Amino acid sequence: MEKTLVLIKPGGVQRNLIGEITARIERRGLKVVGLKLIHADRETVEAHYDEHRERPFFGGVVSYLTSGPIVALAIEGENAIKAIRAMMGATNPIDANPGTVRGDFALSIEDNLTHSSSDPEAAERELGLWFPTGTF
Ligand code: CMP
């Protein structure tokens, strides 16, 4: 069993896609073990994207993630990390296959609807950041 973090970004919340995205995760057989709707502070988002600190898009992505409410989901299941990444599709929605969340609902790389942990180390770090009290 693996755990992973999914963030539904401000655009996904604004476009009423919380249910659609969460339903796809649940239908796949993965379990929601933590869930919260929050307006994230800059400090948490900067820590979340720490690996991208030197990239040119860092400021933009941090501003975007703090621009409105987001949903943080802790997901558990067999091979959850890879399964979720495949379901979300390529980071740039233009490269995402139809049938994936981004391939079905997104067009822009900044507003690519979700973030999901890339590997087990990232998942542990990110879950600790967004669910510090370990609600699952
Ligand atoms: P995410 O998986 O949340 O991780 C970093 C985010 O930065 C990424 O999704 C995109 O939404 C955003 N981003 C903006 N520009 C780029 C870029 N050129 N390359 C990668 N990610 C980018």
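Residues: numbered from 1 along the sequence shown. Everything numeric here is computed off the predicted structure, so don't read it as measured data. Ligands are counted one by one from 1 in listed order, and the atoms in each one are counted from 1 as well. Atom set for the values below is all heavy atoms of this structure, side chains included, hydrogens, waters and symmetry mates excluded.
Classified by interplanar angle (parallel below 30°, tilted 30° to 60°, perpendicular above 60°), the ring pair His52/Phe57 is tilted.
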I'd like the atom pairs linking ligand 1 to the protein - N or O on both sides, separation under 3.5 Å - with distances to 0.1 Å.
| from | atom 1 | to | atom 2 | distance (Å) |
| --- | --- | --- | --- | --- |
| ligand 1 | 2 (O) | His115 | ND1 | 3.3 |
| ligand 1 | 3 (O) | Lys9 | NZ | 2.8 |
| ligand 1 | 3 (O) | Tyr49 | OH | 2.5 |
| ligand 1 | 3 (O) | His115 | ND1 | 3.2 |
| ligand 1 | 9 (O) | Lys9 | NZ | 3.2 |
| ligand 1 | 9 (O) | Asn112 | ND2 | 3.2 |
| ligand 1 | 11 (O) | Lys9 | NZ | 3.0 |
| ligand 1 | 11 (O) | Ile109 | O | 2.7 |
| ligand 1 | 11 (O) | Asn112 | OD1 | 3.2 |
| ligand 1 | 11 (O) | Asn112 | ND2 | 3.3 |

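Formation of a donor-acceptor pair under 3.5 Å by the Arg15 side chain with backbone atoms of Phe105 is found in this model.
If you run side chain to side chain contact (heavy atoms under 4.5 Å, CB included) between Lys9 and each of Thr114, Asn112, Val71, Leu17, only Asn112 comes through.
Asn16 pairs by the side-chain hydrogen bond (donor to acceptor under 3.5 Å, both in side chains) definition with nothing, not counting sequence neighbours. Phe58 meets the ring pair (Phe, Tyr, Trp, His ring centres under 6.0 Å) test with no other residue; sequence neighbours excluded. Take Asp95 and apply the salt bridge (Lys or Arg N to Asp or Glu O under 4.0 Å) test, not counting sequence neighbours, and it matches no residue.
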